[in-house]
There are 2 protein chains.
Amino acid sequence: MSKKVIDETHNEENLLCPIRYTIDIVGGKWKLPIICMLASGLPIRYSTIKRKLTGVTNMMLAQSLKELEASGIVHREQYNEVPPRVEYTLTEKGKSILPPLVKLAEWGTDHMQEDKTGATFCATCKSMK
Amino acid sequence: MSKKVIDETHNEENLLCPIRYTIDIVGGKWKLPIICMLASGLPIRYSTIKRKLTGVTNMMLAQSLKELEASGIVHREQYNEVPPRVEYTLTEKGKSILPPLVKLAEWGTDHMQEDKTGATFCATCKSMK
DNA sequence: CAGGATCCTGTTGGATACTG
DNA sequence: CAGTATCCAACAGGATCCTG
């Protein structure tokens with residue numbers, strides 16, 4: 001979810017565009033990998049996500065998860081144990097965004113190969129297909 | 001096409017992901033509106049695009065068009081007349097990205113209405129459906 | 001008409017340290 | 001373990017002025 005101030009003069013023209021609404025939800029550096037990782041449907045712990053997302057900081061991961069939760073894409077389940085455990089899953093809304101993303105992935109796969117032959121693909125995204 | 005320096009440590013994990021490849025192409029503030037505007041298939045002049053894209057500067061429009069051309073999405077046809085005339089059209093690759101974008105738009109339309117009822121939609125994007 | 005050059009600012013994302 | 005807080009660098013995008 002973009003924090004940018006809505007410019008009223010462009011609001012109706014661009015920012016309420018349903019495509020941009022969708023891209024805003026999955027935009028940013030880490031949200032797409034997170035969604036891909038949760039695409040299996042199984043709940044995944046915070047620490048597991050952090051470990052598999054090479055290079056992500058606690059700061060960025062927590063923020064991305066919070067924004068995805070605010071968008072209704074992921075569900076956060078907190079267990080009051082010691083040590084604490086928090087698991088994330090895709091909501092129904094989150095699952096429903098996968099087919100459109102797969103369309104994007106298919107188009108990307110087709111046309112990446114035209115440009116740079118032999119490109120390797122993100123393992124998590126491949127798992128969506 | 002983003003100008004950001006590619007971080008080699010995340011390259012294979014994220015940046016060669018076909019979804020991100022696709023989103024990078026249509027990302028940014030003006031590329032989606034430009035693509036929507038060209039979706040009819042008719043060639044459109046630079047000045048016409050500029051006039052219809054309220055708020056865009058020459059700087060941003062020229063840059064967006066150049067990047068879309070480099071991505072193979074739009075074709076630039078220059079006529080050596082006085083005054084100069086340049087017309088833009090979607091390439092075959094550009095046309096082929098419309099169906100995936102329509103999927104995104106459909107998802108966005110469905111779920112925007114859950115969040116904010118009565119939201120108005122971008123006229124150019126609606127024209128794609 | 002169709003851009004380019006230069007300078008500037010707000011946002012995004014990262015580094016590091018700390019906590020319930 | 002699962003985050004926060006604070007500070008900072010990089011980049012996208014805009015304003016203004018200039019040109020073939």
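Chain identifiers are assigned alphabetically (A, B, ...) following the order of the sequence lines, protein sequences preceding nucleic acid strands; residue numbering begins at 1 within each chain. Values reported hereafter were calculated over all heavy atoms of this structure, with side chains retained and with hydrogens, waters and symmetry mates removed.
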What is the distance from CZ of A/Arg85 to P of D/dC1, rounded to the nearest Å?
13 Å
For B/Arg51, which contact category applies under a 4.0 Å heavy-atom criterion: base, sugar-phosphate, or nothing?
nothing
With the side chain defined as heavy atoms from C-beta on, B/Trp30 is closest, among D/dG14, C/dA2, D/dG3, to D/dG14
Looking at D/dT4, I'd like to know if its phosphate oxygens (OP1 or OP2) sit under 4.0 Å from a side-chain N or O belonging to A/Lys66.
yes
What is the separation between atom CG on A/Leu61 and atom P on C/dG14, rounded to the nearest whole Å?
11 Å
D/dT4 C1' sits how many Å from A/Leu65 CG, rounded?
14 Å
Report yes if a side-chain nitrogen or oxygen of A/Arg45 is closer than 4.0 Å to either non-bridging phosphate oxygen (OP1 or OP2) of D/dC1; otherwise report no.
no
Salt bridge flag under 4.0 Å for residues B/Glu69 and B/Lys66
no
Which residue, A/Val86 or A/Met59, contacts DNA chain D at a nucleotide closer to its 5' end, judged by nearest heavy atom?
A/Val86
Here the distance between atom P of C/dA2 and atom CG of B/Leu53, to the nearest Å, is 15 Å
Which nucleotide in the set C/dG3, C/dG14, D/dG13 lies at the smallest distance from any side-chain heavy atom of B/Arg76?
C/dG3
Here the distance between atom C1' of D/dA12 and atom CG of A/Asp24, to the nearest Å, is 14 Å
Quickly work out the A/Ile23 CD1 to D/dA12 P distance and round it to whole Å.
16 Å
Where the side chain of B/Pro84 is concerned, which of D/dC1, C/dG4, D/dG20 is the nearest nucleotide?
D/dG20
Just by distance, do the side chain of A/Thr109 and the backbone of A/Ala105 share a donor-acceptor pair under 3.5 Å?
yes
Where each residue is assigned the nucleotide of DNA chain C containing its nearest heavy atom, which of A/Gly28 and A/Asn58 is assigned the position nearer the 5′ end?
A/Gly28
For A/Tyr88, report the nucleic acid contact type (base, sugar-phosphate, nothing); a contact means any heavy atom under 4.0 Å.
sugar-phosphate
